[in-house]
Amino acid sequence: MLATITPSGSDSHLTMSIKNTGAVTITLELIPFRATVDDNGTPKRIDEEADFLVYPAQSAIEPGKEQAVQIRYIGEPALTEARMYGVRISQLPVSAPGYTAAANAGSTASDVKVSFNFLSHIIVSPVAAKAAITIQETAREPNGDLVLRITNSGNGIAVLNASEFTLTDSTGKTMTLAADDLHFGDFSAFMPNQTRRATVSAKKLAGLVGMITPKLTVQ
């Protein structure tokens with residue numbers, strides 16, 4: 001899940017609904033975090049309870065039931081740049097399906113525990129904040145890969161996982177690529193005033209010749 005809220009006012013909170021579709025009661029712990037991403041596209045998530053209020057922070061949900069969770073931003077209300085946060089939903093470990101203590105009595109085998117973790121990201125953005133994305137070719141690798149420079153010069157966050165990239169060669173021939181065809185790290189969100197390197201493999205460029213002009217359409 002990816003949601004956007006404002007740092008103040010009536011849109012500074014949201015409600016998350018969690019449904020237990022399994023056959024046993026699950027116990028969940030919800031921990032807010034602050035997310036950043038470096039220039040190599042590697043994300044870092046640090047627990048952050050000062051800026052976010054999550055209620056309830058722990059919950060036991062019976063099979064077929066739903067739990068509504070209130071999430072509210074309580075940090076700096078006058079942000080000049082968008083920030084990314086999130087909530088980690090962690091299921092406390094339960095015995096693996098089919099495991100019973102009686103069936104394993106006297107066995108030396110260990111009780112196998114399983115659990116699930118989910119990450120929900122939240123952009124906290126001032127109403128007027130906008131991303132401003134530019135893209136340009138910078139080089140060709142010896143193996144023919146195309147090297148691009150993608151810059152977000154705005155104060156908003158751009159999420160490129162659903163974007164389209166159009167490449168036009170020196171003859172006017174064009175090719176459209178999806179975000180998955182580019183390699184720009186493990187996180188598709190570009191933070192304010194961030195520049196990152198991206199590459200397109202040579203095999204994706206088959207049929208294009210000469211100088212390539214890239215164009216990005218943010219969805």
Side-chain angles (χ1 to χ4, degrees), residues 1-7 11 14 33-46 48 73 76 78-88 117-219:
M1 187 190 83
L2 176 64
T4 300
I5 61 177
T6 58
D11 294 325
L14 57 86
F33 60 84
R34 172 82 181 270
T36 58
V37 56
D38 65 21
D39 292 345
N40 294 316
T42 303
K44 184 176 182 180
R45 300 175 179 91
I46 301 175
E48 174 59 84
Y73 175 75
E76 170 59 49
L79 297 181
T80 58
E81 292 184 346
R83 297 178 181 177
M84 181 167 281
Y85 294 85
V87 176
R88 180 184 298 106
N117 294 298
F118 300 90
L119 296 178
S120 173
H121 288 90
I122 302 168
I123 295 174
V124 179
S125 178
V127 175
K130 300 291 183 183
I133 297 291
T134 57
I135 180 172
Q136 64 185 99
E137 176 184 356
T138 59
R140 283 291 186 101
E141 299 282 19
N143 64 359
D145 289 354
L146 176 67
V147 181
L148 303 171
R149 182 169 62 244
I150 302 177
T151 299
N152 177 15
S153 58
N155 62 348
I157 293 175
V159 181
L160 305 187
N161 60 343
S163 300
E164 288 186 350
F165 295 82
T166 302
L167 306 179
T168 304
D169 71 4
S170 57
T171 69
K173 183 178 180 179
T174 63
M175 177 182 295
T176 300
L177 302 177
D180 288 344
D181 295 320
L182 277 73
H183 304 283
F184 46 71
D186 299 324
F187 208 54
S188 62
F190 279 66
M191 299 302 178
N193 299 302
Q194 182 175 61
T195 296
R196 281 161 50 188
R197 181 180 185 269
T199 59
V200 181
S201 65
K203 64 181 180 181
K204 298 286 185 181
L205 306 174
L208 299 183
V209 297
M211 183 72 176
I212 293 179
T213 301
K215 180 182 177 182
L216 168 63
T217 303
V218 180
Q219 301 297 319

Study note, to complete from the structure: Here the gap from T36 atom OG1 to M191 atom CE, rounded to the nearest 0.5 Å, amounts to 6.5 Å
Revision key, fill the gap. Between the CG atom in L205 and the CG atom in L167, the distance rounded to the nearest 0.5 Å is 6.5 Å
Exercise for review: Kindly indicate, with the supporting measurements, whether the criterion side chain to side chain contact (heavy atoms under 4.5 Å, CB included) is fulfilled by L160 and L182.
Suggested key: CA-CA 10 Å; L160 305 187; L182 277 73; over 6 Å; no
**Study point:** Validation row: Y73, I122 side chains within 4.5 angstrom (heavy atoms)
**Key:** no
Check your understanding: Would you say N161's side chain and S188's backbone share a donor-acceptor pair under 3.5 angstrom?
Key -> no
Practice item. Apply side chain to side chain contact (heavy atoms under 4.5 Å, CB included) to the pair K215 and T174, showing each step before the final yes or no. Key: CA-CA 10 Å; K215 180 182 177 182; T174 63; over 6 Å; no
Revision key, fill the gap. Here the pair of heavy atoms bringing M84 nearest to I157 is N-CD1, 3.8 Å
Check your understanding: With a 4.5 Å heavy-atom cut-off, do D38 and K44 have their side chains touching?
Key -> no
Check your understanding: Is there side-chain contact between D181 and V200, with heavy atoms separated by less than 4.5 Å?
Key -> no
Exercise for review: Can you see which heavy atom on A82 is nearest to which on P192, and at what distance?
Suggested key: O-CG, 3.6 Å
Revision key, fill the gap. Separation between OG (S163) and CD1 (I135), nearest 0.5 Å, reads 9.5 Å
Check your understanding: Ignoring hydrogens and geometry, is there a side-chain-to-backbone donor-acceptor pair from R88 to F33 under 3.5 Å?
Key -> no
Study note, to complete from the structure: Heavy-atom closest pair (F165 atom, A179 atom, distance to 0.1 Å) is CE1-CA, 3.7 Å
Study note, to complete from the structure: One should read off an interatomic distance between L79 CG and S125 OG, to the nearest 0.5 angstrom, of 8.5 Å
Check your understanding: Looking at CG of L148 and OG1 of T199, how far apart are the two atoms once the value is rounded to the nearest 0.5 Å?
Key -> 8.0 Å
Review point. What are the two closest non-hydrogen atoms of V218 and V159, and how far apart are they?
Key: CG1-O, 4.4 Å
Exercise for review: Determine the minimum heavy-atom distance between P214 and I212, stating which atoms define it.
Suggested key: CD-O, 3.5 Å
**Study point:** Residues D169 and T171: side-chain donor-acceptor under 3.5 angstrom
**Key:** yes
Review point. Looking at side-chain heavy atoms only, is the closest gap between V147 and D145 below 4.5 Å?
Key: no
**Study point:** Side chain E81, main chain N193, donor-acceptor under 3.5 Å
**Key:** no
Study note, to complete from the structure: When every non-hydrogen atom of R196 is compared with those of A189, the smallest separation belongs to NH1-O, 2.8 Å
Exercise for review: Give a yes or no answer on whether the side chain of T6 reaches the backbone of D11 with a donor-acceptor pair at less than 3.5 Å.
Suggested key: yes
Check your understanding: Got T213 and E137 here, is their nearest side-chain heavy-atom distance under 4.5 Å?
Key -> no
Review point. Okay, side chain of N155, backbone of T80: is any donor-acceptor separation there less than 3.5 Å?
Key: yes
Review point. Roughly how far, to the nearest 0.5 Å, is the OG1 atom of T195 from the CZ atom of R149?
Key: 7.0 Å
